[in-house]
Amino acid sequence: MSLSPFPQSYWLASAEVPQFPKLTETLETEIVVIGGGIAGITTAYLLAKAGKEVVLVTSGRLLGGTTGHTTAKLTAQHDLIYDEYMQHFGREKAGLYYRANQEAIAFVRKVVEEAGISCDLVEEDAYVYATTEEGEQQVRKEFAAYQELGIPGELVTEMPLPVSARCALKMPGQARFHPVPYLVYLVKEFVNRGGRVFEHTEVEKVKEEEPMRAILAPGLEIICRDLVSCSHYPVYESGFFFARVHPESSYILAARAPGSLIPGMYISADKPTRSVRSLSYGEDRLLLIAGESHHTGEGGCTIRHYQALEKWARDQLGVSEFPYRWSTHDYVTTDKLPYIGRVSSKRTHSYVATGFRKWGMTTGTISALLFRDLLTGQATPYEELYSPSRFHLDPDVPGLASNVGTVAQHFAGAKLEWHWRKLDDLAPGDGAILRVDGRRTAAFRDPQGELHLLDATCTHMGCEVEWNEGDRTWDCPCHGSRFTYTGKVVTGPATLPLPKVER
């Protein structure tokens, strides 16, 4: 497998994304939306369409984060989730979750059809399939949940994907699309309606007062009435999100399709996860193969995850060319249900959307629809379902304990580890955590032989970063920040680079 120093995204490589300036002066507005992905862009568009004065800011380029690295499935079949949601939240809320996702799909379809956007929107059936006896039992339980909730679905023993499966649960009438042309249209419409966009504009913190203040740098801020955080990780210090969400990494290969495109979208019930969907855009005919999910920073040698996906794709699907590969980080809440809405009843002007659990295309759209209703005073049936201030003894308490334990392990435990490798042990292209002059150091030797030495402590909350060999980045296992081997922030919540270590 060929390796590149940074993740490559097929989506961004194949479409033109408008560029916008960095904010360099303090300004005032009615609403600030933070986030350059589907949730932020769609929220800004809908609020501007409703007559609101909106500023959209993003720390990097538009679509440069998780949305730019998506598999772009528009589906309400989010793995095996409805039986679990029924057990934890009850039948009514599990049904609302399905309804919300179907409304999101309908919204995207309507915009695409009315605007005539060329974005490869294709209706597809979605399948979750089982290859083991245990997986089959789980799929059959999920099918029973579909029947109880009135969700259209069919239990089948055959499917177009050439994988030997014991059974599969089919959800008809879902969709796939190319998200970039769709979102570029929304951005242009937002600007046409008076919206302002600022890229490379990092919000360092938020003062939750009246008026709200988004602090960008000393002496630089945005003053607003309402602030909506649609960034990957919430910008608020309130809400205790550092303990209530955790980052997960997953990996994607884009393979040349050896024959005709395989209809349908697929995800395995068995672990490790294998997700497959076809893609045609322009001259490209590809299969997107994803999986190998793990807690960020705890995946060991990350190259092996790409290698495992490649081997599976060669063996099962007969593919041999892999022109694109990338990894992505996403966040999972303690109860696996996204947090969307007001941060709390006491924070009436602070809104957040996070914890999409890798299903950002529909969840990001749901977020925007919910924010539009909340900020324009319209009734919505989904406010309580997605409320960020909700709490359940089960599963929230076990989830909190796990998250806190992980943070403690990487905050304190990693600092005490002793590393015996030396700088001379690093070959070109190799990175590792070493002790340099008694100091825990993130060390990388580039292909030209030059050493890059960085402080290994994440600048967000002090956890210790780990080397991601597959993408050649330093990743924080506590909250998902990523840094280049030169220390530059790739994705937050960190806003400051890793300091260089001088020798």
Expected output: side-chain [X] to main-chain [Y] donor-acceptor under 3.5 Å:
{"X": "S481", "Y": "A494", "answer": "yes"}
{"X": "T75", "Y": "Q77", "answer": "yes"}
{"X": "T457", "Y": "E464", "answer": "no"}
{"X": "E199", "Y": "L62", "answer": "yes"}
{"X": "T333", "Y": "L337", "answer": "yes"}
{"X": "R274", "Y": "L309", "answer": "no"}
{"X": "T201", "Y": "L23", "answer": "yes"}
{"X": "R277", "Y": "T71", "answer": "yes"}
{"X": "T459", "Y": "L496", "answer": "yes"}
{"X": "Y85", "Y": "K336", "answer": "yes"}

Before giving the answer on side-chain contact (heavy atoms from CB on, under 4.5 Å), spell out for M212 and I223 the whole-Å C-alpha distance, their side-chain angles and the decisive distance to 0.1 Å.
CA-CA 6 Å; M212 299 278 286; I223 303 167; over 6 Å; no
After noting the C-alpha distance and the side-chain angles of I340 and V352, does the key distance pass the side-chain contact (heavy atoms from CB on, under 4.5 Å) rule?
CA-CA 6 Å; I340 308 169; V352 67; over 6 Å; no
I need the I222 CD1 to L216 CG distance, nearest 0.5 Å.
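So the CD1 of I222 and the CG of L216 are separated by 5.0 Å.
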Could you tell me the separation between the CG atom of L56 and the CD1 atom of I34, rounded to the nearest 0.5 Å?
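With rounding to 0.5 Å, CG (L56) is 9.5 Å from CD1 (I34).
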For residues [X] and [Y], determine if any side-chain heavy atom of one lies less than 4.5 Å from a side-chain heavy atom of the other.
{"X": "Y351", "Y": "V343", "answer": "no"}
{"X": "V112", "Y": "C119", "answer": "yes"}
{"X": "V235", "Y": "K205", "answer": "no"}
{"X": "T42", "Y": "F371", "answer": "no"}

May I have the step-by-step check of side-chain contact (heavy atoms from CB on, under 4.5 Å) for Q174 and Y127, ending in yes or no?
CA-CA 10 Å; Q174 307 302 287; Y127 297 81; over 6 Å; no
May I ask you to check whether [X] and [Y] show a side-chain donor-acceptor distance below 3.5 Å?
{"X": "K22", "Y": "T24", "value": "no"}
{"X": "Q378", "Y": "T376", "value": "yes"}
{"X": "T70", "Y": "K358", "value": "no"}
{"X": "E292", "Y": "Y306", "value": "no"}
{"X": "Y97", "Y": "H78", "value": "yes"}
{"X": "K73", "Y": "S275", "value": "yes"}
{"X": "R244", "Y": "T354", "value": "no"}
{"X": "E221", "Y": "T26", "value": "no"}

Tell me, with the steps shown, if C458 and C478 meet disulfide (SG to SG under 2.5 Å).
CA-CA 9 Å; C458 178; C478 294; over 6 Å; no
Checking Y182 now: which residues fulfil ring-ring contact (aromatic ring centres under 6.0 Å, His included) with it, not counting sequence neighbours?
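Checked Y182 against ring-ring contact (aromatic ring centres under 6.0 Å, His included); matches are F177.
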ring-ring contact (aromatic ring centres under 6.0 Å, His included), that's the test. Do F20 and H200 meet it? Break it down for me.
CA-CA 9 Å; F20 296 93; H200 305 291; over 10 Å; no
Any chance you could lay out the ring-ring contact (aromatic ring centres under 6.0 Å, His included) test for Y331 and H246, step after step, and finish with the verdict?
CA-CA 5 Å; Y331 287 83; H246 71 268; 8.4 Å; no
If you count every heavy atom of other residues, nucleotides or ligands that lies below 6.0 Å from E384 atom CD, does the total exceed 12?
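No, because the 6.0 Å sphere around CD of E384 holds 12 heavy atoms or fewer from other groups.
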Assert yes or no for the condition that the ring centre distance of H329 to Y233 is strictly below 6.0 Å.
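No: the rings miss the under 6.0 Å criterion.
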Could you go step by step and tell me if Y236 and F241 meet the ring-ring contact (aromatic ring centres under 6.0 Å, His included) rule?
CA-CA 8 Å; Y236 303 108; F241 293 109; 7.2 Å; no
Looking at E53, E28, E30, which one forms a salt bridge (charged side-chain N to carboxylate O under 4.0 Å, His left out) with R196?
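The residue from E53, E28, E30 that satisfies salt bridge (charged side-chain N to carboxylate O under 4.0 Å, His left out) with R196 turns out to be E53.
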Parallel, tilted or perpendicular: which fits the ring planes of F444 and W467, with parallel below 30° and perpendicular above 60°?
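Geometry flag for W467 against F444: tilted rings.
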